[in-house]
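Structure record follows, encoded as C-alpha cells.
Remember, predicted model here, so these are calculated numbers, not experimental data. Counting starts at 1 for both ligands and their atoms, in listed order. Any value given below was found using the heavy atoms of this structure, including those in side chains, with hydrogens, waters and symmetry copies removed.
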Amino acid sequence: MALIVHKYGGTSMGSPERIRNVAKRVAKWARAGHQLVVVPSAMSGETNRLLGLAKELQPALVDDAALRELDMIAATGEQVSVGLLALALQAEGQPAVSYSGWQVPITTDSAYTKARIASIDDQRVRADLSAGRVVVITGFQGVDALGSVTTLGRGGSDTSAVAVAAAMQAAECLIYTDVDGVYTTDPRVVPEAKRLGTISFEEMLEMASLGSKVLQIRSVEFAGKYRVKLRVLSSFTPWDIAIDEEAQSGTLITFEEDEKMEQAVVSGIAFNRDEAKITVVGVPDTPGIAFKILGAVAAANIDVDVIVQNMSHDGRTDFSFTVHRNDYARTMALLKSDVLQLTGAADLIGDAKICKVSIVGIGMKSHVGVASTMFRTLSEEGINIQMITTSEIKTSVVIDEKYMELAVRALHRAFGLDAPSDAA
Ligand code: ADP
Ligand code: ASP
Ligand code: MG
C-alpha cells in the first residue's frame with residue numbers, strides 16, 4: 001500500500017462521461033489498497049472562458065487589485081472539477097471528499113496569476129486518507145497570507161500535484177493527460193514524434209522552460225528539489241487495465257543521468273510562440289546601456305528572455321531582446337516613453353510574429369557540431385535565424401513565426417528523431 005498522487009488535466013476532465021472514467025480509474029487504485037490524493041484541472045476550455053469574461057469587464061487587467069479578482073474568478077473552474085469528481089467517486093461506491101486550495105490549506109505568496117507555493121498543511125488530508133477516503137484537491141490554486149485566493153499560472157495544476165506529492169512524501173505522482181507520455185516534440189505538430197520511455201530531469205526542465213507545455217516548469221522544479229517520482233501517462237487508456245501495466249506506461253522523469261549518456265545527442269525539440277522581439281536601434285555603445293534598457297524593463301516586473309547586442313559601428317549599436325507576448329505592448333510603451341530619451345537611441349522596432357525553436361539533449365554536453373547541424377538544417381530550409389542562445393544542453397533560435405512548424409519538422413528529421421515509418 002502506498003500514497004499516490006494522480007493529476008488529471010482539462011481534457012481528461014472534459015465531460016461528465018470523462019469524469020466518470022477518471023473516478024473508475026481512481027477507485028480501481030483505491031480498491032488495490034493505495035491511498036489516493038487526486039488533483040484535477042478545470043474542465044477543458046473553462047479557464048479560458050473565465051478569463052475571457054473577466055477581460056470583457058476590464059480589458060487591461062494590470063494592477064494588483066484587478067489581478068486579485070482575476071484569480072478569484074479563474075480558480076472557480078477547479079472548484080467545480082473537484083466537487084464533480086468527488087461526486088463521481090461516491091457514485092462508484094468510493095468514499096471521497098473535495099477541498100479547494102484554501103481549505104487544505106495550500107499557502108502561496110501574493111503574486112496573483114503566478115503565485116508560488118510556500119507551504120502545504122497535510123493534516124486534514126491525512127485524516128481523510130486514514131479514514132479510507134480519496135481526497136480530491138483543486139489544482140492551480142492556493143491562498144495567500146491575507147486569505148485571498150491565488151493561482152499558480154497557466155498549467156499550474158501540474159505544480160499543485162507535484163507539490164502535494166512532495167509535501168506528503170507520496171510514493172509517486174502520476175500526471176494523466178491527453179497524450180500517452182512525453183514525446184520528442186509536440187506530437188500535434190510532428191506526427192512522427194516518438195514517445196520517450198524516460199527523460200532525464202534536466203532535459204525535462206529545459207523542454208518545459210522552452211515551451212513544451214506537457215508539464216508546467218515549476219512542477220518539474222518541485223520534482224527535482226524533492227525527488228518526487230514523476231510519470232506522465234494517458235488518461236485515455238481503458239480505465240480497467242491492470243494497475244501494474246498502467247504504472248509502467250507513459251514517460252518516467254529520471255534523475256540518473258548516466259542511463260541516458262548512450263542515447264541520442266538531441267532528445268527533444270521544444271518551441272514557443274509566446275514571445276515578441278524588441279530592438280532598440282542605434283544606442284550609444286557606452287557602459288551602462290544594457291542596464292538602462294533592461295533595468296527599466298525589470299523595474300516594471302517584465303521578464304526578459306533572449307538578449308543580443310551587436311558589434312558597434314561609429315559608436316552606436318543595436319540591442320535586441322525578447323519578452324512574453326503578453327508583455328509586448330507594455331514594454332514597447334515603456335521604452336518609447338522613457339528609454340529612447342534616456343539612452344539617446346535612434347529608433348525602436350518591435351516584432352510580435354516571432355517564435356523560439358530549441359533543441360535539447362544532455363548528449364550535447366559531450367558532442368561538438370550539434371549547433372552547426374541545427375543552423376545548416378535551417379539554412380537548407382531557407383529559414384533566417386534572428387537570434388541564437390545556447391547553454392550546455394540546449395540551443396535556441398528565434399525565427400519568423402511562420403516558419404515554426406517547418407523548422408521543428410526539419411530539425412526533428414535532421415537529428416534522427418522521426419519514428420521509423422511503417423512502410424520501411
Ligand atoms: P493537460 O490539460 O492534461 O494538462 P496540456 O494541454 O497542458 O494537458 O498538455 C498536454 C499537451 O502538451 C499535449 O496534448 C501536447 O499537444 C502538448 N505537448 C507539447 N510538447 C509535448 C511533448 N514534447 N510531448 C508530449 N506532449 C507535448
Ligand atoms: N486550469 C488551469 C489552466 O487552464 C490550470 C491547469 O489546467 O493546469 O491553465
Ligand atoms: Mg497542462
Any atom of ligand 2 sitting under 4.0 Å from a heavy atom of Gly10? no
Within the 4.0 Å heavy-atom shell around [X], which atoms of ligand 1 are there?
X: Gly10; result: 2 (O)
X: Val179; result: 13 (C), 14 (O), 25 (C), 26 (N)
X: Thr177; result: 1 (P), 3 (O), 8 (O), 10 (C)
X: Tyr183; result: 22 (C), 23 (N), 24 (N), 25 (C)

Which heavy atom of the protein is the closest neighbour of [atom], given with residue, atom name and distance?
atom: atom 14 (O) of ligand 1; answer: Arg188 NH2, 2.6 Å
atom: atom 25 (C) of ligand 1; answer: Gly181 O, 3.4 Å
atom: atom 5 (P) of ligand 1; answer: Lys213 O, 4.2 Å
atom: atom 9 (O) of ligand 2; answer: Arg154 NE, 2.7 Å

Should [X] be listed as contacting ligand 1, given a heavy-atom distance under 4.0 Å as the test?
X: Ser12; value: no
X: Ser44; value: no
X: Lys7; value: yes

Could an N or O of ligand 2 be found under 3.5 Å from any N or O of [X], whether backbone or side chain?
X: Lys7; value: no
X: Glu78; value: yes
X: Gly155; value: yes

Can you figure out which of Ile269, Val232, Asp178 has its heavy atom closest to atom 13 (C) of ligand 1? Asp178
Does a side-chain N-to-carboxylate-O contact under 4.0 Å join Arg218 and Glu221? no
Separation between OG1 (Thr150) and CE (Met72), nearest 0.5 Å, reads 11.5 Å
